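Below is one structure; the comments refer to it alone.
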Protein chains: 2
Amino acid sequence: MATTEEQAIGTRWLARGGIRPTRQRVALAKLLVGDGRHRHVTAESLFDAVRARGEKVSLATVYNTLRAFSEAGILREITVNGSKSYFDTDTTNHAHFYCEDTGELSDVQSGEVAVTNLPEPPKGTEIAKVDVVIRLRKS
Amino acid sequence: MATTEEQAIGTRWLARGGIRPTRQRVALAKLLVGDGRHRHVTAESLFDAVRARGEKVSLATVYNTLRAFSEAGILREITVNGSKSYFDTDTTNHAHFYCEDTGELSDVQSGEVAVTNLPEPPKGTEIAKVDVVIRLRKS
DNA sequence: TTAAGTGCAAATTATTTGCAGTAAG
DNA sequence: CTTACTGCAAATAATTTGCACTTAA
């Protein structure tokens, strides 16, 4: 796929979140959704990836941008351990495998797990999302 | 219940994890399980609680102790947001409500939620635990 | 007696922020 | 134009660690 096409996809994706397509954001969006497949990134991993492509984006901007994308609803933040935040381009409710030994995060095939019999949320509140993390250890 | 009785309960609980009952650890254990009911704490909240009781325990020791208890399996660490770790005296698999507005963590009545159709873990790994967090927002 | 635990204060790590300069609409 | 974005460096916040001292077994 041509880089210009990936760029167009990225720009369209930003538009879905009502986010202004600056040079840096488009560069990041291209890496996140340019090939049409979902991925999990951390600020650090995305920063490395964008630099590897030769694009100049500061780490602070990567952090701010990931936060902005999450708030706009085009990314979903996933908290698996206190020390690092992951971001998922798949914003639908779905379960994750998290390997405590390697720090790797991966999707569980949707349809495999189901959370049933969801409780009533306490009054005055509503359910924002449901996170299911299956923690793995080497056996 | 007498304080000495709570202390005995705490000491017994430490023994279950094979943990040496020092003065500080017993003081913390007493607060955690002394009254026989489960609770969720953070390092900070437990530190405040123990100081309020007039016991001298340093914050570093609270951190180290909570980690030691978790590793010994008598506490379960719960990660709900990147910035703070919670610890639960109920170490069985059960779901939690987490209110993003207040930072409050509470138990879902066991029996209400169920995770069904758990997937096969990737080969070479086994499931350590399954975390279900129902995130709430004020409505 | 002696290995393990404790308490400081300093170090670490991930993330956020202030602010001066830059760019998008 | 003018408001939002970016980048750097400094600030923050939670947690960990090095090390001299204490204590449980």
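Every chain is numbered from 1, with letters handed out A, B, ... down the list of sequences. Keep in mind it's a predicted model, so treat the numbers as computed, not measured.
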Exercise for review: Dump the intermediate steps for salt bridge (Lys or Arg N to Asp or Glu O under 4.0 Å) on Glu55(B) and Lys30(B), then the final yes or no.
Suggested key: CA-CA 11 Å; Glu55(B) 309 251 22; Lys30(B) 203 164 48 175; 3.4 Å; yes
Exercise for review: Report the C-alpha separation of Arg53(B) and Leu31(B) in whole Å, then their side-chain angles, then the decisive distance to 0.1 Å, and conclude whether the side-chain contact (heavy atoms from CB on, under 4.5 Å) test is met.
Suggested key: CA-CA 9 Å; Arg53(B) 282 246 188 150; Leu31(B) 287 170; 3.6 Å; yes
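If you measure from atom CD1 of Ile19(B) to atom P of dA4(C), you get 14 Å, rounded to the nearest angstrom. The interatomic distance linking Lys84(B) (NZ) with dT15(C) (P) rounds to 16 Å, in whole Å. When rounded to the nearest whole Å, the span between CZ of Arg25(A) and C1' of dC5(D) equals 6 Å. One interatomic measurement links the two molecules: CD of Glu44(A) to C1' of dT15(C), which rounds to 11 Å at whole-angstrom precision. Across the protein-nucleic acid pair, Asn81(A) atom CG and dT16(D) atom P stand 11 Å apart, rounded to whole Å.
Heavy-atom minimum distance, Leu59(B) versus Phe47(B): N-CE1, 3.5 Å.
The side chain of Ser85(A) places an N or O atom within less than 4.0 Å of a non-bridging phosphate oxygen (OP1 or OP2) of dT15(C). Contact annotation: Tyr63(B) does not reach the phosphate of dT16(D) (side-chain N/O to OP1 or OP2, under 4.0 Å). Under 4.0 angstrom from either OP1 or OP2 of dG7(C) there lies at least one side-chain N or O belonging to Gln24(B).
Annotation: proximity of residues 64-80 of chain B to DNA chain D (heavy atom, distance under 4.0 Å) is found for Asn64(B), Arg67(B), numbered in ascending order. Listed by residue number, the members of residues 45-58 of chain A with any heavy atom below 4.0 angstrom from DNA chain C form an empty set.
Glu77(A) meets the side-chain contact (heavy atoms from CB on, under 4.5 Å) test with Arg67(A), Ser70(A), Ser85(A), Phe87(A); sequence neighbours excluded. Residues that satisfy the ring-ring contact (aromatic ring centres under 6.0 Å, His included) test with His94(B), not counting sequence neighbours, are His96(B). Residues passing the side-chain hydrogen bond (donor to acceptor under 3.5 Å, both in side chains) test with Glu120(B), sequence neighbours excluded: none. For Ala43(A), the side-chain contact (heavy atoms from CB on, under 4.5 Å) partners are Val62(A), Tyr63(A), Leu66(A), not counting sequence neighbours. Under the side-chain hydrogen bond (donor to acceptor under 3.5 Å, both in side chains) criterion, Thr92(A) pairs with Asp90(A), sequence neighbours left out. Annotation: side-chain contact (heavy atoms from CB on, under 4.5 Å) contacts of Arg39(B) (sequence neighbours excluded): Asp35(B), Arg37(B), Val41(B), Thr89(B). Checked against side-chain contact (heavy atoms from CB on, under 4.5 Å), Thr91(A) has the following partners two or more places apart in sequence or in another chain: Arg76(A).
End-to-end axis angle of the helix from dT1(C)-dA25(D) to dG25(C)-dC1(D), using five pairs per end and rounding to 10°, comes to 40°.
More than 12 non-hydrogen atoms from other residues, nucleotides or ligands lie less than 6.0 angstrom from CD of Glu126(A).
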Expected rows: protein N/O vs nucleotides 22-25 of chain C N/O, under 3.5 Å:
none

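Each of Leu105(A) and Ile127(B) belongs to its own hydrophobic cluster when Ile, Leu, Val, Met, Phe, Trp and Tyr are linked at side-chain heavy-atom distances under 4.5 angstrom.
Each salt bridge (Lys or Arg N to Asp or Glu O under 4.0 Å) pair with one or both residues in residues 95-119 of chain A, not counting sequence neighbours, appears once here: Glu100(A)-Arg135(A).
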